Amino acid sequence: MIGKLNHVAIAVPDLDAAAATYRDTLGANVGAPQDEPDHGVTVVFIELPNTKIELLHPLGEDSPINGFLAKNPSGGIHHMCFEVDDIIAARDHLVASGARVLGDGNPKTGAHGKPVLFLHPKDFNGTLIELEEV
Ligand code: CO
């Protein structure tokens, strides 16, 4: 069911410093910051030949990553995103298998303008998983 690894998201306490590390130290192709108010984050995408890195920084008091950064003050891997062909079929299969979909269970529009869902980390070895329909 899952296809390519679309991105790995890393929550960071300092977005400019993290972008500079990827651009200058690691020599990656780093994009401009984008505010995603619906998701409570500012995002910087880093294009790699085979996948992307998504740097996440809180946007607003109610950002869903505030708690993560409180527990991981120097940042850390926040989620991985796998591609699926049909997000509704994937969701129905997951729910039927006993996995928990976060939120109201309906896809939201993700940072790339495509439908996304998040799966409960306790059902996936402590890893928050995002599915994105491509
Ligand atoms: Co993501």
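Counting convention: from 1, in listed order, for ligands and their atoms alike. Values below: every heavy atom of this structure, side chains too, minus hydrogens, waters and symmetry copies. Computed from a predicted model, the values in this text were never measured in an experiment.
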Review point. With sequence neighbours left out, what residues match E47 under side chain to side chain donor-acceptor pair (under 3.5 Å)?
Key: none
Study note, to complete from the structure: Within a distance under 2.8 Å of the Co ion (ligand 1), the protein atoms of type N, O or S are H7 NE2, E54 OE2, H79 NE2, E130 OE1
Revision key, fill the gap. Tightest non-hydrogen contact, residues E133 and D85, listed as CG-O, 3.4 Å
Point to revise | Distance-only side-chain donor-acceptor flag, R91 / N106, under 3.5 Å | key: yes
**Study point:** Side-chain heavy atoms of I77 within contact of V8, under 4.5 Å
**Key:** yes
Can you give each donor-acceptor pair under 3.5 Å made by side-chain atoms of residues 92-103, sequence neighbours left out, with the distance rounded to 0.1 Å?
residue	atom	partner	partner atom	Å
S97	OG	H93	O	2.7
R100	NE	D123	OD1	3.4
R100	NE	D123	OD2	3.1
R100	NH2	D123	OD1	2.8

Point to revise | ring pair (Phe, Tyr, Trp, His ring centres under 6.0 Å) contacts in which one or both residues fall within residues 97-134, not counting sequence neighbours | key: H7-H112, F45-H112, H79-F118
